[in-house]
Amino acid sequence: LRYTLMQKEEKARNILVELEVKHPNFEWPLIPLAALELKNGNLDRCKHLLNRAQQVNPGFIKMWCAKGRLAIAEWFLLDLD
């Protein structure tokens with residue numbers, strides 16, 4: 001998270017992907033990784049990560065907030081068409 005705040009996104013992405021691979025049943029890194037994917041326009045990857053987080057911990061509040069942000073982003077994109 002510190003690297004995303006320092007705007008070192010590639011380093012943050014590498015760390016989060018490493019955590020995702022090493023700890024597949026740990027939902028925490030999936031949310032900031034999904035946020036990075038959303039920021040970069042990778043909606044399918046973002047959806048995949050959030051769905052995985054939901055499978056691991058359906059009660060994780062941050063996951064539901066992130067799904068809301070994704071829905072809003074998709075809504076804005078559809079509105080642009």
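Positions are given from 1, in the same order as the sequence printed here. Side chains are part of it too, since the values below use all heavy atoms of this structure and drop only hydrogens, waters and symmetry mates.
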Closest heavy-atom contact between Cys46 and Ala34? SG-O, 3.4 Å
Would you give me the side-chain donor-acceptor pairs under 3.5 Å for residues 60-68, sequence neighbours excluded?
from  : atom 1 : to    : atom 2 : distance (Å)
Trp64 : NE1    : Pro58 : O      : 2.7
Lys67 : NZ     : Asn51 : OD1    : 2.8
Lys67 : NZ     : Gln54 : OE1    : 2.6

CZ on Arg13 to CG on Leu36, rounded to 0.5 Å: 5.0 Å
CG (Leu33) and CG (Leu50) are apart, to the nearest 0.5 Å, by 9.5 Å
I'd like to check Leu30 versus Leu16 (side-chain heavy atoms, cut-off strictly below 4.5 Å). Are they in contact? no
With the 4.5 Å side-chain cut-off for hydrophobic clustering, are Val56 and Phe26 part of the same group? no
Arg69: which residues meet the side chain to side chain donor-acceptor pair (under 3.5 Å) condition with it, sequence neighbours left out? none
Qualifying salt bridge (Lys or Arg N to Asp or Glu O under 4.0 Å) pairs with a residue from residues 42-53, counting only residues at least two apart or across chains: Glu20-Arg45, Glu20-Arg52, Glu37-Arg45, Lys47-Glu74
